[in-house]
Amino acid sequence: LPWMKIEDDQVTQGFIKDSADAIAKQLGYTAKVNAFPRKRLPAILNAGQADLLCFMRPEWITAEVHWSDTMAWDADAIVTRRTTPAIKALSDLKNQAVNTVLGYSYPELEEALKKEFVRFDGLSEEISLINLANRRNDYAVLSETYYRYQLKTNPLRAKLNPNYLLIGPKAPLRCALSKKSPLKID
């Protein structure tokens, strides 16, 4: 968690749910927070099937949307187990399988490694973390915010290396508002 917990395709807990509820309340609405595969999000926003998608970066989504101001900052991090030497540079990952999330884009890694970026896709950051802890691969790309939370709370934390490499600087996370939404960003 801190981002979200999904039950029956609904986001039931976490920072995304709490933020959606707060935004909806300010607008006089009740939030309905659904979970969709990342690759379907542009079509959903373009069709107006969702109004707002928050905690995104413009390079992650190709939909025609209006962007909000920054809501939070985060960065991707390369993480390892305690028994795996921490990497010092992205080039250390050349041709190494890296736990990633299906449908997520990693622009900095893709640019640095090009064809030598070997993805091992799971359905969520949680699954990537489990694969890492269970020695499926030696590396994972996770949100720094998510990983720091896991280092404090996850039962697997004794296996996780508290040292990690940030991929680029922290970046602003914003909301994408469908151009078909009746809502407006001021």
Side-chain angles (χ1 to χ4, degrees), residues 1-19 33 35-41 54-61 70-174:
L1 207 51
W3 291 115
M4 64 182 148
K5 181 175 182 179
I6 300 170
E7 298 172 313
D8 298 322
D9 293 328
Q10 299 290 307
V11 178
T12 59
Q13 296 177 38
F15 191 62
I16 288 175
K17 171 80 168 113
D18 294 345
S19 298
V33 186
F36 296 104
R38 177 71 67 106
K39 289 184 177 186
R40 288 187 45 215
L41 295 176
C54 292
F55 304 102
M56 298 296 294
R57 290 170 48 184
E59 58 268 29
W60 290 348
I61 191 162
T70 299
M71 295 187 66
W73 294 81
D74 200 10
D76 285 330
I78 301 294
V79 302
T80 62
R81 290 180 305 283
R82 287 183 187 269
T83 57
T84 304
I87 65 163
K88 295 182 179 19
L90 293 181
S91 59
D92 295 344
L93 293 174
K94 285 182 179 179
N95 298 311
Q96 298 290 322
V98 179
N99 292 306
T100 52
V101 178
L102 180 68
Y104 280 30
S105 65
Y106 303 97
E108 295 86 356
L109 269 176
E110 291 160 0
E111 175 62 28
L113 300 176
K114 302 200 182 334
K115 291 183 179 181
E116 295 171 309
F117 179 32
V118 181
R119 296 176 65 119
F120 188 83
D121 282 339
L123 295 178
S124 67
E125 286 190 312
E126 179 181 13
I127 290 172
S128 288
L129 187 66
I130 291 167
N131 285 340
L132 176 71
N134 291 331
R135 305 182 64 87
R136 189 75 189 254
N137 290 306
D138 290 331
Y139 309 100
V141 184
L142 301 173
S143 150
E144 181 191 25
T145 301
Y146 175 82
Y147 190 63
R148 290 177 60 147
Y149 180 82
Q150 297 305 318
L151 286 171
K152 292 178 184 175
T153 63
N154 194 304
L156 299 171
R157 67 183 173 271
K159 295 181 178 184
L160 304 175
N161 190 338
N163 300 308
Y164 51 86
L165 177 69
L166 288 181
I167 303 172
K170 289 191 180 211
L173 302 179
R174 299 159 51 188

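Since the model is a prediction, treat every value here as computed from it, not as a measurement.
- The aromatic rings of Tyr106 and Phe117 sit perpendicular to each other, their planes meeting at more than 60°, with 30° as the lower class boundary.
- For the pair Ile167/Ile78, a side-chain contact is recorded, criterion being any heavy-atom separation below 4.5 Å from C-beta on.
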Check against salt bridge (charged side-chain N to carboxylate O under 4.0 Å, His left out), Arg119 and Glu110: CA-CA 10 Å; Arg119 296 176 65 119; Glu110 291 160 0; 3.7 Å; yes
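- Within a 6.0 Å sphere centred on CD of Glu126, heavy atoms belonging to other residues, nucleotides or ligands number 12 at most.
- Remark: the backbone N or O of Leu151 is not paired with any side-chain donor or acceptor of Asn154 at under 3.5 angstrom.
- Leu156 CG to Thr153 OG1: the interatomic distance, rounded to the nearest 0.5 Å, is 10.0 Å.
- Atom CG in Asn131 sits 12.0 Å away from atom CG in Asp138 (nearest 0.5 Å).
- For the ring pair (Phe, Tyr, Trp, His ring centres under 6.0 Å) test, residues two or more places apart in sequence or in another chain that qualify with Tyr164 are Tyr147.
- To the nearest 0.5 Å, atom OH of residue Tyr104 and atom CG of residue Leu142 are 10.0 Å apart.
- The structure places CG of Leu160 at 7.5 Å from CZ of Arg82, a figure rounded to the nearest 0.5 Å.
- Atom CZ of Arg135 has 12 or fewer heavy atoms from other residues, nucleotides or ligands within 6.0 Å.
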Derivation of the side chain to side chain contact (heavy atoms under 4.5 Å, CB included) call for Ile16 and Cys54: CA-CA 8 Å; Ile16 288 175; Cys54 292; over 6 Å; no
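- Just one residue in the list Asn99, Val118, Leu132 forms a side-chain contact (heavy atoms from CB on, under 4.5 Å) with Asn137, and that residue is Asn99.
- Remark: side-chain polar atoms of Thr70 are not paired, donor with acceptor, to backbone N or O of Arg174 under 3.5 angstrom.
- With sequence neighbours excluded, the residues that form a side-chain hydrogen bond (donor to acceptor under 3.5 Å, both in side chains) with Asp74 are Ser143, Thr145.
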Salt bridge (charged side-chain N to carboxylate O under 4.0 Å, His left out) between Arg57 and Glu108, worked out: CA-CA 13 Å; Arg57 290 170 48 184; Glu108 295 86 356; 2.8 Å; yes
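- The number of heavy atoms from other shown groups lying within 6.0 Å of CZ (Arg136) does not exceed 12.
- Within the 3.5 Å criterion, the main-chain N or O of Tyr149 finds no donor-acceptor partner in the side chain of Lys152.
- Considering CG of Leu109 and CG of Leu93, their distance stands at 6.5 Å, rounded to 0.5 Å.
- Annotation: side chain of Thr84 is in contact with side chain of Tyr139 (closest heavy-atom distance under 4.5 Å).
- Look at Lys5 and Glu7 and you find a salt bridge, because one of the NZ, NE, NH1 or NH2 atoms lies within 4.0 Å of a carboxylate O, short of that distance.
- Counting only heavy atoms from C-beta outward, the side chains of Thr100 and Ser128 never approach each other to under 4.5 Å.
- With Leu165 as reference, Ile87 is the one residue of Ile87, Asp76, Val79 to meet the side-chain contact (heavy atoms from CB on, under 4.5 Å) rule.
- Proximity of Met71 to Phe55: side-chain heavy atoms (C-beta onward) are separated by under 4.5 Å at one or more points.
- Leu123 CG: 12 or fewer foreign heavy atoms inside a 6.0 Å radius.
- For Lys39, the NZ atom is loosely surrounded, since the number of other residues' heavy atoms within 6.0 Å does not exceed 12.
- Proximity of a side-chain donor or acceptor of Arg81 to a complementary backbone N or O of Ala133 within less than 3.5 Å is not detected.
- For Glu125 and Arg38, the salt-bridge test fails: no basic side-chain N is under 4.0 Å from an acidic carboxylate O.
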